[in-house]
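Structure first, then comments.
All values below were derived from every heavy atom in this structure, side-chain atoms included, with hydrogens, water molecules and symmetry-related copies excluded. The model shown is predicted, which means the values in this text are computed figures rather than measured ones. Numbers here are sequence positions counted from 1.
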Amino acid sequence: MKLRDEIDIIDDQIVRLFEQRMVVSGQVAAYKRSVGKPVLDKEREKNKIEKVVSKTSNEFNSKAVESLFSQIMAISRMYQYQNLASERTDLEGFFEAEMMITPETRVVYAGVPGAYAEAAMVEYFGTEIDGYNVETFKDAMEEVHNGKADYAVLPIENSSTGSVNDVYDLLSSYDNHIVGETMVKVEHALLGLPGSRIEDIHTVFSHPQGLMQCSRFLDGKREWQQVSLQNTAASAKRVVDDGDLGQAAIASRQAAKNYGLVVLKESLNDLKNNSTRFVVISHKKTFHEKADTISICFETLHESGSLYSVLSHFIFNGLNMTRIESRPVKGKPWQYRFFVDFNGNLKEQAVKNALHGIQSETESFRILGNYKGVEPVC
């Protein structure tokens with residue numbers, strides 16, 4: 001017999017034995033359901049792996065068998081989670097509802113009039129609403145949490161400078177939820193007082209990301225002092241309030257109109273297709289029937305392979321993960337909270353399967369929202 005034929009026979013045996021194991025795994029799931037036991041039994045898995053590893057003949061095989069059976073155990077758990085999740089009808093408190101927008105709908109954003117957040121609010125809700133502004137992202141989250149606003153509009157990611165970390169931290173701290181998102185094209189300009197000239201400028205104000213997004217231009221102005229403020233429109237207001245011809249702001253052309261400034265130079269962005277993604281926040285756990293993006297956050301066990309094990313739930317349920325971010329967990333040095341976006345709707349069985357498994361194998365798990373995603377602005 002050729003070696004290739006022998007391998008084929010062995011592989012056939014492995015497949016048959018694997019399928020037999022999955023049948024037994026299904027029976028185990030039924031037993032666990034009947035007695036209320038969790039799917040993951042870490043001590044049982046540890047003992048099982050140690051037992052099979054002890055039967056190997058050399059160090060290489062020991063490592064290989066440990067890896068192999070770790071995967072088999074993970075696959076068995078996925079199968080059991082699917083069996084259990086198929087019986088679940090709850091949606092973690094989320095319910096399907098249409099977003100009703102009226103002139104009385106209260107929407108808050110962080111910043112001052114002329115900020116990109118205001119443009120995002122108008123882009124998503126239109127002008128026939130009761131829109132207003134507060135000073136900080138946290139203030140906006142508080143307004144929604146306390147019922148003073150129906151929705152908040154907050155920036156969460158920029159196409160060139162990445163995540164807005166403060167907003168990710170707030171999403172994990174407040175019992176508010178993402179119900180929508182919108183994109184705003186960012187077009188920065190250098191704004192100054194009427195009568196000012198670029199050669200007179202010694203100080204420039206902007207949001208930290210505004211300064212980063214225009215770093216190529218600012219690298220040629222090393223003599224300028226760069227001062228970070230809470231947002232771009234507040235920077236324009238600061239120039240007006242100070243009345244110094246040597247000060248300028250990096251902000252939008254709309255901010256120039258709002259505050260009576262002049263555009264000293266247009267198109268400062270390093271990248272011409274720069275855009276910012278804003279999320280729409282509500283205190284209610286609602287989602288639209290056509291929602292196609294789900295955001296979750298969780299903490300993993302601080303041990304090797306824990307994140308891989310969690311992410312495998314997306315693979316086994318055929319779900320497309322579109323984004324992953326991590327943030328340090330306060331009070332837990334070198335431990336991280338992960339934020340994941342993936343395509344799906346909470347009513348889909350594959351989504352229920354994955355979420356049930358992830359929730360069972362992580363700490364501080366939360367569904368942040370299910371909403372209709374938008375394409376990036378080009």
Side-chain angles (χ1 to χ4, degrees), residues 92-95 97-158 163-184 207-210 228-238 251-252 254-255 258-259 276-288 291 293 295-297 325 327 330 337 339 366-372 374:
E92 301 295 332
F94 283 82
F95 61 96
E98 294 284 343
M99 181 181 290
M100 303 299 295
I101 301 174
T102 70
E104 288 72 41
T105 300
R106 302 208 77 203
V107 183
V108 62
Y109 66 93
V112 297
Y116 288 106
E118 182 188 34
M121 179 184 70
V122 173
E123 174 71 22
Y124 193 88
F125 290 98
T127 57
E128 299 300 314
I129 55 167
D130 182 10
Y132 67 103
N133 61 297
V134 290
E135 187 174 352
T136 67
F137 299 149
K138 183 177 181 180
D139 292 338
M141 290 291 275
E142 287 278 358
E143 293 289 291
V144 172
H145 182 75
N146 295 330
K148 296 179 180 178
D150 299 301
Y151 304 100
V153 179
L154 297 173
I156 196 167
E157 181 183 25
N158 179 265
S163 302
V164 183
N165 291 330
D166 290 348
V167 174
Y168 274 104
D169 291 340
L170 289 169
L171 283 171
S172 65
S173 301
Y174 282 82
D175 188 26
N176 294 332
H177 309 91
I178 303 173
V179 295
E181 72 172 10
T182 187
M183 295 276 186
V184 171
H207 184 273
Q209 287 210 353
S228 298
L229 296 182
Q230 289 176 331
N231 57 72
T232 54
S235 303
K237 185 175 184 298
R238 172 69 177 271
S252 66
Q254 185 60 49
N258 287 3
Y259 296 103
T276 296
R277 183 168 71 105
F278 289 81
V279 289
V280 178
I281 304 296
S282 171
H283 190 58
K284 297 179 180 179
K285 289 186 170 183
T286 62
F287 68 99
H288 191 272
T293 301
S295 294
I296 62 175
C297 69
E325 301 284 344
R327 293 289 299 147
K330 292 182 179 179
R337 177 177 295 109
F339 296 82
R366 279 189 58 205
I367 299 175
L368 298 176
N370 187 193
Y371 50 95
K372 181 68 176 174
V374 297

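- Going from atom CD1 of I367 over to atom CD1 of I178 covers 12.0 Å, rounded to the nearest 0.5 Å.
- T105 is not listed as a side-chain neighbour of M100, based on a closest heavy-atom distance of 4.5 Å or more.
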Derivation and outcome, side-chain hydrogen bond (donor to acceptor under 3.5 Å, both in side chains), residues N231 and H207
CA-CA 4 Å; N231 57 72; H207 184 273; over 6 Å; no
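- Not one N or O on the side chain of T232 forms a donor-acceptor pair closer than 3.5 Å with the backbone of S252.
- With a 4.5 Å cut-off on side-chain heavy atoms, Y151 and V179 count as touching.
- A 4.5 Å side-chain heavy-atom check between Y371 and H288 finds every atom pair outside the cut-off.
- Of the possible donor and acceptor atoms, one in the side chain of K285 sits under 3.5 Å from a partner among the backbone N and O of E92.
- Side chains of I101 and I129 form a contact here, defined as non-hydrogen atoms less than 4.5 Å apart.
- No side-chain heavy atom of F339 sits less than 4.5 Å from a side-chain heavy atom of S295.
- Closest approach of Y259 to P113, counting heavy atoms only: OH-O, 3.0 Å.
- Using a 4.5 Å cut-off on side-chain heavy atoms (C-beta onward), L368 and I296 make no contact.
- Evaluation of the salt bridge (charged side-chain N to carboxylate O under 4.0 Å, His left out) test over residues 148-157, restricted to residues two or more places apart or in two chains, returns E157-R277, E157-R323.
- Using a 4.5 Å heavy-atom threshold, the side chains of F278 and V184 count as touching.
- Under the 4.5 Å side-chain criterion, counting only non-hydrogen atoms from C-beta, Y132 is not in contact with E118.
- Under the rule for a side-chain hydrogen bond (donor to acceptor under 3.5 Å, both in side chains), the partners of H177 that lie at least two apart in sequence or sit in another chain are D175.
- The side chain to side chain contact (heavy atoms under 4.5 Å, CB included) test applied to E142 returns K138, N146, Y174, not counting sequence neighbours.
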